[in-house]
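Remember, predicted model here, so these are calculated numbers, not experimental data. Order of the sequence lines fixes the chain letters, A, B, ..., with proteins taken first and strands second; residue numbering starts at 1 for each chain.
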Amino acid sequence: YSTFGQNLKWQTNKLTFRIVNYTPDMPQSDVDNAIEKALQVWARVTPLRFSRIYAGTADIMISFGSRDHGDFYPFDGPDGTLAHAFAPSQGIGGDAHFDDDETFTFRSSRGYNLFLVAAHEFGHSLGLSHSRDPGALMYPVYSYRDPTTFVLPRDDVNGIQSLYGSNPDVSVVKPEPEGPTTPNACDPQLVLDAVTTLRGEMFFFKDSFFWRSSTYSRRAEQHLIKSYWPDGPNNIDAAYESRSADRVFLIKGRKVWSLYGYTVERGYPKSLKSLGLSKSVRKVNAAFHDQESGKTIFFVGDYYYSYDESRRVMDRGYPKRVDEGFPGMTGEVTAAFQHRGFTYIFSGPQMFEYSFRSKRLFRVLRNSYFLRC
Amino acid sequence: LPSLLATEESDGEVAEKYLQRFFNLTEKSTPSSRRGVSAQSRILSEMQSFFRLKVTGLLDSDTLEVMKKPRCGVPEVAR
C-alpha cells in the first residue's frame with residue numbers, strides 16, 4: 001500500500017458525504033446503496049464514521065460528470081479512466097468524481113461495478129494512494145470481484161489502519177474476516193490449486209488469482225480470475241484444456257465450468273457427471289488431457305480415472321492407484337498439466353516431470369519452475 | 001497517403017499520454033532527448049516496475065496491454 005503522506009489525512013474520524021447528482025445507468029436507490037456500502041468497507045476496519053448530508057458542502061462530495069467537469073482533470077469518454085478522487089484537504093479534498101461516460105452497475109459484472117469503483121475512490125478520499133499489489137482494492141487497474149462476498153484485502157487494511165488505526169468497536173461488532181492476501185508466485189511453499197494450458201500458454205491457479213505464463217512473455221502475469229472470467233469460480237480444484245474442443249474446463253467441488261476464450265459458456269456450471277465421472281466422485285484434485293492418447297486423466301484422492309474423449313466413455317479398469325500410473329508419486333496430487341510432451345504432476349510445493357506413456361519420472365522440480373521467478 | 005479518416009492513436013501516443021497523465025512525464029520525446037536514457041524511457045521503466053512488468057524501458061506488448069486497461073484517474077506519481 002502507499003499513502004499520500006501522513007499529514008494528508010482527515011483530522012477527525014467523523015466525516016460527512018453528499019451525493020450531488022446521479023448517473024442515469026442505475027436506479028438512484030442502487031447508487032445510494034453502492035456508495036454507502038463502499039464507505040462501510042473502510043468504516044468497518046477503522047474508527048472512521050460517515051454521515052450523509054443532502055445540502056451544503058460535505059467532506060466527501062460525490063458526483064457524476066463527463067469529459068471536462070470543472071476540475072482541470074477531464075475524463076476521457078468510455079473506458080480508460082473511470083473515476084478519480086482527491087486526497088483529504090479542505091475544498092475539493094476528499095471529493096470523488098465518476099465518469100458518466102462509463103456504464104455503472106450495482107449487482108452485476110456488466111459494465112463497471114459502482115460499488116467497487118467507489119470503494120477504491122474513497123480509499124483516495126481518505127488518504128490512500130495506489131498500491132502495487134494486484135490483489136489490493138487500491139490497485140489502479142479495475143478488476144471485477146463479486147460484491148456480495150467482497151472483503152477488504154489485507155494490503156488495504158494495513159494501509160488505512162496506518163493512517164487511522166483500527167476499528168475500536170470491533171469487540172462489539174463481529175470480528176472482520178481476515179482480508180485475502182495476494183499469493184506470491186515465488187513463495188517456495190506455494191501450493192497451486194490447478195494448472196492448465198490455454199492456447200499455448202500456461203495458466204497457474206491459486207485462490208482468486210492465476211498467473212499466465214508463455215514462452216514469449218518474459219514474466220508471468222498475475223491476474224484475478226474474475227478479471228478474465230467474471231462468472232468463473234475462485235479457489236478451483238482442477239483445470240484442463242481440451243485442445244480439440246478449444247475449451248478449458250475449470251472444476252470446483254462437484255461443478256465444472258467451460259471456458260471458451262474469455263467466455264464462460266452458457267449452461268455452465270454443470271455437474272461432474274458431464275465429464276463422464278460417476279456420481280460417487282465428490283472432488284477432483286487435478287486433471288490433465290493427454291494429447292497423445294486422447295485421454296483425460298482425473299485425479300481423485302489416491303486414485304485416477306481415465307476418460308476417452310473420442311469414445312466419450314470412462315476407460316475400463318479405472319480408477320487405478322496414482323502411484324501405479326505415476327511411480328514415486330505418493331503424496332496428494334494438487335495439479336497436473338502437459339507441456340511439450342512431458343506430464344507435470346504437482347504435489348504440495350513440488351512438481352514431478354513424467355513421461356505419461358513410459359511412466360518414467362525424469363525430474364522433481366519446484367512449483368515455480370515455469371513461473372519465471 | 002495519410003488516411004482522411006480519423007485514425008486511432010498510435011501505440012507511442014497512447015504510451016506518451018499515459019506516462020504524462022499517470023507518471024508525471026513532462027518532457028516530450030524529441031530527437032535531442034534520444035542521447036542517453038530518455039526521460040520517457042526512464043519513466044516507462046518506473047511504470048513497468050510499478051505494474052510488476054519486465055523493466056525494459058521499452059514499449060512492449062505487455063506494457064501496452066496494461067496501459068489500455070480501464071483504471072482509476074489518480075496518478076501513480078502526483079504532479
Side-chain angles (χ1 to χ4, degrees), chain A residues 2 4-5 8 69 71-76 78-87 96-99 102-103 111-112 116-121 123-125 128-134 137-144 182 184-186 211-212 214 216-223 227 372, chain B residues 3-29 37-79:
Chain A
S2 66
F4 290 123
L8 274 177
H69 53 282
D71 63 1
F72 301 109
Y73 295 98
F75 285 133
D76 54 357
D79 304 312
T81 299
L82 308 180
H84 55 221
F86 296 86
H97 301 165
F98 297 86
D99 184 351
E102 316 299 349
T103 300
Y112 296 105
L116 292 171
V117 176
H120 173 100
E121 298 308 327
H124 292 313
S125 302
L128 288 179
S129 180
H130 282 148
S131 168
R132 292 169 175 252
D133 178 344
L137 175 64
M138 293 312 292
Y139 191 67
V141 174
Y142 173 86
S143 55
Y144 175 78
T182 302
N184 175 0
C186 303
W211 290 277
R212 172 181 176 180
S214 80
Y216 311 108
S217 65
R218 293 167 292 279
R219 191 167 202 171
E221 294 171 12
Q222 185 170 19
H223 300 279
S227 65
R372 304 176 185 285
Chain B
S3 150
L4 297 180
L5 297 175
T7 57
E8 274 200 36
E9 284 176 317
S10 71
D11 291 343
E13 286 166 337
V14 168
E16 190 159 13
K17 220 182 224 183
Y18 191 94
L19 295 177
Q20 283 167 348
R21 179 148 199 192
F22 299 113
F23 283 84
N24 202 23
L25 170 67
T26 48
E27 221 178 289
K28 269 196 170 300
S29 59
V37 175
S38 71
Q40 183 155 332
S41 173
R42 186 172 42 79
I43 291 178
L44 185 58
S45 299
E46 205 179 301
M47 177 263 176
Q48 286 168 333
S49 164
F50 183 93
F51 286 101
R52 298 187 184 182
L53 298 165
K54 184 81 180 170
V55 180
T56 61
L58 300 170
L59 187 62
D60 53 43
S61 58
D62 294 345
T63 306
L64 199 55
E65 190 179 339
V66 171
M67 287 181 169
K68 289 183 176 178
K69 287 186 174 181
R71 57 159 291 153
C72 167
V74 174
E76 271 66 272
V77 178
R79 287 195 184 77

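The candidate from S49(B), G73(B), P70(B) with the greatest count of non-hydrogen atom pairs under 4.5 Å with chain A is P70(B). The candidate with the highest count of non-hydrogen atom pairs below 4.5 Å against chain B, out of H130(A), Q222(A), E102(A), H84(A), is H130(A).
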Residue pair K68(B), D79(A): steps toward the side-chain contact (heavy atoms from CB on, under 4.5 Å) verdict | CA-CA 9 Å; K68(B) 289 183 176 178; D79(A) 304 312; over 6 Å; no

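The shortest non-hydrogen separation linking V141(A) to R71(B) is CA-CB, 4.0 Å. Here the closest heavy-atom approach between residue H124(A) and residue C72(B) is recorded as NE2-SG, 3.4 Å. The heavy-atom pair separating E221(A) from E65(B) by the smallest distance is OE2-OE1, 4.4 Å. Nearest heavy atom pair, residue P74(A) against residue R21(B), reads O-NH2, 2.9 Å.
In this structure, no portion of S143(A) lies under 4.5 Å from any heavy atom of chain B. F51(B) touches chain A through backbone and side chain together, each having a heavy atom under 4.5 Å away. Looking at F86(A), there are no atoms closer than 4.5 Å to chain B (heavy atoms on both sides), in backbone or side chain.
Considering only residues two or more places apart in sequence or on other chains, F50(B) meets the ring-ring contact (aromatic ring centres under 6.0 Å, His included) condition with none of them. Remark: N184(A) engages no residue in a side-chain hydrogen bond (donor to acceptor under 3.5 Å, both in side chains) (not counting sequence neighbours).
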